[in-house]
2 protein chains.
Amino acid sequence: MDLFVSKYFNKIDKKGRISLPSSFRNVLPKANRNEIILYKSIKSSSIEGCGVGRLKEIAKRINNLDFFSEDYDDFSTSIFSEIVTTNIDKEGRFLIPEELKLYAGIKTEAAFFGQGHFFQIWEPKQGLKNTEDSRRRLLKEKKSLRMMLTQQK
Amino acid sequence: MDLFVSKYFNKIDKKGRISLPSSFRNVLPKANRNEIILYKSIKSSSIEGCGVGRLKEIAKRINNLDFFSEDYDDFSTSIFSEIVTTNIDKEGRFLIPEELKLYAGIKTEAAFFGQGHFFQIWEPKQGLKNTEDSRRRLLKEKKSLRMMLTQQK
DNA sequence: TGGGATTATATGGGCGTCAATGGGTATATG
DNA sequence: CATATACCCATTGACGCCCATATAATCCCA
């Protein structure tokens, strides 16, 4: 499986370390399995994360913008300066930077939610609430969900 | 990681030295790991920096401008003639030339902002304000920022 | 197929190394 | 010679690496 799926609830230890779920680690390419990138989610108070390969894609895309335009700087600043890379230790743990923990309201425990090509890290209660909320929204438009699931490529 | 990412706040000591963040040093090619170039940003009151190898890339971008336009001369002059090279000492520190510190309003502390293939050095408060401003501009077009982050190859 | 043995995962903690910072002294450069 | 800059050494705190344990998952063979 090369997608981030399912949800996990892990603890942050005294040193601030937390285990990246094993199944998530396996999604990372063997080459860069000891490094991930983290950034503040744009539309929720959660942290989003993924492998570094994804960042290189983004870099390429930004590089194609007009270098002398204002957009270039805006994207570059909002993305590159906001992204942090963190190392994963031999046991599969990493540190969540203080600023990101504050942003997401995370203290001693965190919830990992698979999102396919990336994952989210939530304060557990907020994360669960968000799941409920989004499911409720989807069910309101059951028809579109049905289409999404049954439509053939 | 071969990109300048994240942000760091470091101090300038009595001798005028400041540490280039360790993760930035690692982006520099092992060959020229003790030298960087600095120049005034064209678009903001910040200093931009990168490894010497990036000079060619800058030259290429300027060359793509219309040779007979006023912009060409302006950019060419503003950038090339203003570039300074500085050496990084054994501990990873370097000196920010007085003129550049003045230009950016930097005194005792400076903020490093990753920008992918280069980085910016700001007076800390101005740098943070700039980040907010540019994010605000982008969020007006939420769709485009989101696309940038989530679009698949 | 049952049950013990092996392996993996999440978690805890000791300790050495490195990054950021400070300062003394040699060296260079005008 | 005077000032600036490079090199060397020191300190502190953070982080990475190593080892350890408990629980859970998997295996493997009688």
Side-chain angles (χ1 to χ4, degrees), chain A residues 1 4-28 30 32-38 49 52 84-102 106-114 119 121-124 127, chain B residues 1 4-28 30 32-38 49 52 84-102 106-114 119 121-124 127:
Chain A
M1 173 59 63
F4 300 104
V5 296
S6 190
K7 50 177 183 283
Y8 303 87
F9 297 83
N10 291 344
K11 292 182 169 69
I12 296 178
D13 69 19
K14 291 177 195 167
K15 295 182 175 181
R17 300 172 298 188
I18 187 168
S19 291
L20 184 68
S22 165
S23 84
F24 284 16
R25 299 202 292 269
N26 292 328
V27 178
L28 305 175
K30 310 106 243 127
N32 287 73
R33 190 154 278 187
N34 50 0
E35 196 176 19
I36 55 174
I37 69 172
L38 300 174
V52 294
V84 298
T85 67
T86 67
N87 291 72
I88 300 183
D89 71 17
K90 294 276 171 67
E91 284 73 35
R93 295 172 292 192
F94 66 100
L95 298 170
I96 306 177
E98 207 54 43
E99 190 188 343
L100 293 182
K101 278 198 283 191
L102 275 174
I106 291 170
K107 296 195 187 107
T108 63
E109 201 179 353
F112 294 83
F113 289 84
F119 58 87
I121 309 175
W122 287 81
E123 186 285 321
Chain B
M1 176 57 58
F4 298 103
V5 296
S6 192
K7 49 177 185 277
Y8 302 88
F9 298 84
N10 290 344
K11 292 182 169 71
I12 296 178
D13 69 19
K14 291 176 195 169
K15 296 181 176 180
R17 300 172 298 188
I18 187 168
S19 292
L20 185 67
S22 164
S23 84
F24 283 17
R25 299 202 292 269
N26 291 329
V27 178
L28 305 174
K30 309 107 243 125
N32 286 72
R33 192 154 276 187
N34 49 1
E35 194 177 18
I36 55 174
I37 67 173
L38 300 174
V52 291
V84 297
T85 69
T86 66
N87 290 74
I88 300 181
D89 72 17
K90 294 276 170 67
E91 282 74 36
R93 295 173 291 193
F94 66 101
L95 298 170
I96 306 177
E98 207 53 42
E99 190 189 344
L100 293 182
K101 277 199 282 191
L102 275 174
I106 291 169
K107 296 195 186 108
T108 62
E109 200 179 354
F112 294 83
F113 288 81
F119 57 87
I121 309 175
W122 287 81
E123 185 285 321

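Order of the sequence lines fixes the chain letters, A, B, ..., with proteins taken first and strands second; residue numbering starts at 1 for each chain. What you see is a predicted model; the values in this text were computed from it and never measured.
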Send over the distance from [X] [atom1] to [N] [atom2], rounded to a whole Å.
X	N	atom1	atom2	answer
Leu20(B)	dA20(C)	CG	C1'	12 Å
Asp89(A)	dT11(C)	CG	P	12 Å
Ile88(B)	dA19(C)	CD1	P	13 Å
Tyr8(A)	dA24(D)	OH	C1'	14 Å
Phe94(A)	dA10(C)	CZ	P	11 Å
Asn87(B)	dT27(C)	CG	P	18 Å
Lys90(A)	dG16(D)	NZ	P	12 Å
Glu109(A)	dG12(C)	CD	P	11 Å

For [X], answer base if it contacts any base atom (sugar-phosphate contacts may also be present), sugar-phosphate if it contacts only those atoms, and nothing otherwise; contact means non-hydrogen atoms under 4.0 Å.
X	answer
Ile18(A)	nothing
Lys14(A)	sugar-phosphate
Ser22(B)	sugar-phosphate
Ile12(A)	nothing
Asn10(A)	sugar-phosphate

When the ring planes of Phe24(B) and Phe119(B) are compared, do they come out parallel, tilted or perpendicular, using 30° and 60° as the limits? tilted

Closest listed nucleotide, where the reference is the side chain of [X] and the choices are [options]:
X	options	value
Lys15(A)	dG22(C), dA10(C), dC15(C)	dC15(C)
Arg17(B)	dG16(D), dG24(C), dA20(C)	dG24(C)
Lys11(B)	dT11(C), dT21(C), dC8(D)	dT21(C)
Asp13(A)	dG12(C), dT21(C), dC7(D)	dG12(C)

Would you say Arg93(A) places a side-chain N or O within less than 4.0 Å of OP1 or OP2 belonging to dC18(D)? no

Do any N or O atoms from the side chain of Asn10(A) and from the backbone of Ile18(A) form a donor-acceptor pair under 3.5 angstrom? no

Hey, is the main chain of Leu20(B) close enough, under 3.5 Å, to the side chain of Arg25(B) for a donor-acceptor pair? yes

Using only modelled atom types and a 3.5 angstrom limit, is any donor from either the side chain of Glu91(B) or the base of dC18(C) paired with an acceptor on the other? no

Does a side-chain heavy-atom distance below 4.5 Å link Lys90(A) with Asn34(A)? no

With a 6.0 Å cut-off on ring centres, are Phe112(A) and Tyr8(A) close enough? no

